[in-house]
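Notes follow once the structure below has been shown.
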Number of protein chains: 2
Amino acid sequence: MDNATQEKLFAAAIPLFAEKGYAAVSIREIAKAADVNVSSISYYFRGKEGLYHAIIESHIGAISKAISSAEGLPPEERLRHYAKAISEIHTKKPYVIRFVQSELVNPTSAMDKILKKHLFSFYRFLNKAIQDGIDSGIFRDDLDVHHAALSLVGIMNFYFIAKPLFRDFLDTSVEADAAYAEQAVNIYLEGIRRK
Amino acid sequence: MDNATQEKLFAAAIPLFAEKGYAAVSIREIAKAADVNVSSISYYFRGKEGLYHAIIESHIGAISKAISSAEGLPPEERLRHYAKAISEIHTKKPYVIRFVQSELVNPTSAMDKILKKHLFSFYRFLNKAIQDGIDSGIFRDDLDVHHAALSLVGIMNFYFIAKPLFRDFLDTSVEADAAYAEQAVNIYLEGIRRK
DNA sequence: CCAATATGTTCAAACGATTGTTTTAATCTA
DNA sequence: TAGATTAAAACAATCGTTTGAACATATTGG
């Protein structure tokens, strides 16, 4: 991104789309927040959808990068790596999980065009780690692999979605997030481990 | 609800709001799906928001009812009861979790006006069950209670959100949902149990 | 080195389409 | 006939996008 206007639009649109959803944000609202003329959105991103897609692309790409480095590790370490990556990515890109979750619940065209292939890739990563763990005898062999994968995704991600709602009861620091991630993955691993 | 037009609107709006989110659905779209005149929405529900609130109210009320009957049980049974209630409510009201999740990610006015007090009540229910379990020695005493509660909510609910995306890989029958819920709560309970 | 041209960007204004809501008249029901 | 309900039309407001002029900066030719 080599232009100031482009960057201002990109930065201003992220929290708006993340907090209100694609349809609930108008391009005039974005332009105002970015202190930029409305037409710049069409000029630089070929419209509202283009801007949204560019944001989604950059955010989901960040997750992919964070997870991909765990390929060779033993099964349990791969799952811990996933958990750590989720918690770290959330401090680096505070809105990424909101975008993903928002698309999961109320999909836009970005789901089919951008997100799906990444999400399936994460899913396969977890599936394989769990299956390898079962095969090598460290995880229970009565597990449904698909369900177990979704369990981990759920336990790792929901916290970051719900957090804003519980900010009165909860410590919301970076350290607290990391502590959550560790306790959650420990509960999960203890729960699937062969006794 | 004592009127046919009212009921048609209500029924038609549920899947639309659930799948696309509040802002992405127009009242003309709803009226068309219900085979009813647009103005009926204002006439019966005092506008789009009124219709949406009525739907949210009825759905979140159903969860509250399902969970409230577990008060006297021992801690572990309370958590199992919560898990079972979540999975059952989802087969009875297939869109309830979409509404809740949608409001969590992209809150509308319904979050403050309707959902918050119910969600906090569920949260207190889980917090207390976990704390009681720690106090009576069946759960690990190094648990962060708040985090543990959110872990359970996450592991129980995410599956039902993600399911539609994985319908090619996953058995999506009622029995499969129940099987998921049972495996998930078992993983969780095994993970927090004192050894 | 300056003037002329070309290119890239910003701006306010306007476009037609669609938004939620209201109005007014027609229709149905009791 | 009185009141409740439906229907079509119109309301102002806002939607995403496009337009064409204004502006800035860089490139070219003499």
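Each chain gets a letter, A, B and so on, in the order the sequences are listed, and its residues count up from 1.
- Rounded to a whole Å, the NE2 atom of A:His53 is 14 Å from the P atom of D:dG16.
- Atom NZ of B:Lys84 has 12 or fewer neighbouring heavy atoms from other residues, nucleotides or ligands inside a 6.0 Å radius.
- Separating the NZ atom of B:Lys48 from the P atom of D:dA13 is a distance of 19 Å, rounded to the nearest angstrom.
- Between B:Asn37 atom CG and C:dA26 atom C1' the separation is 12 Å, expressed in whole Å.
- B:Phe99 does not carry B:Lys93 over the face of its six-membered ring by the limits of under 6.0 Å from the centre and within 45° of the normal.
- If you take NZ on B:Lys113 and CD on B:Glu49, they are separated by 5.0 Å, rounding to the nearest 0.5 Å.
- As a whole-Å value, the separation of A:Arg28 CZ from C:dC15 C1' is 11 Å.
- Residue B:Ile30 contributes atom CD1, which lies 10 Å from atom P of C:dT21 at whole-angstrom precision.
- Within 4.0 Å of B:Thr5, counting heavy atoms only, lie sugar-phosphate atoms of the nucleic acid but no base atom.
- Taking atom OH of residue B:Tyr43 and atom P of nucleotide C:dT27, one finds them 17 Å apart after rounding to whole Å.
- For B:Asn3, counting side-chain heavy atoms from C-beta on, the closest listed nucleotide (D:dT5, D:dT17, C:dT21) is D:dT5.
- For the pair B:Phe17 CZ and C:dG20 C1', the interatomic distance rounds to 11 Å; values are reported in whole Å.
- Rounded to an integer number of Å, the gap from OH of A:Tyr52 to C1' of D:dG16 is 17 Å.
- Across all strands shown, B:Ser42 has heavy atoms under 4.0 Å from base atoms, whether or not it also approaches the sugar-phosphate.
- Cation-pi check for A:Lys48 over A:Tyr22 is met; the charged atom lies under 6.0 angstrom from the ring centroid and within 45 degrees of its normal.
- One can find a donor-acceptor pair under 3.5 Å joining the base of C:dC11 and the side-chain atoms of A:Ser39.
- Residue A:Tyr44 places at least one side-chain N or O closer than 4.0 Å to OP1 or OP2 of C:dT10.
- Interatomic distance, NE2 of B:His81 versus OG of B:Ser68, reported as 7.0 Å (0.5 Å rounding).
- Distances shorter than 4.0 Å separate none of the side-chain N or O atoms of B:Ser26 from OP1 or OP2 on C:dT18.
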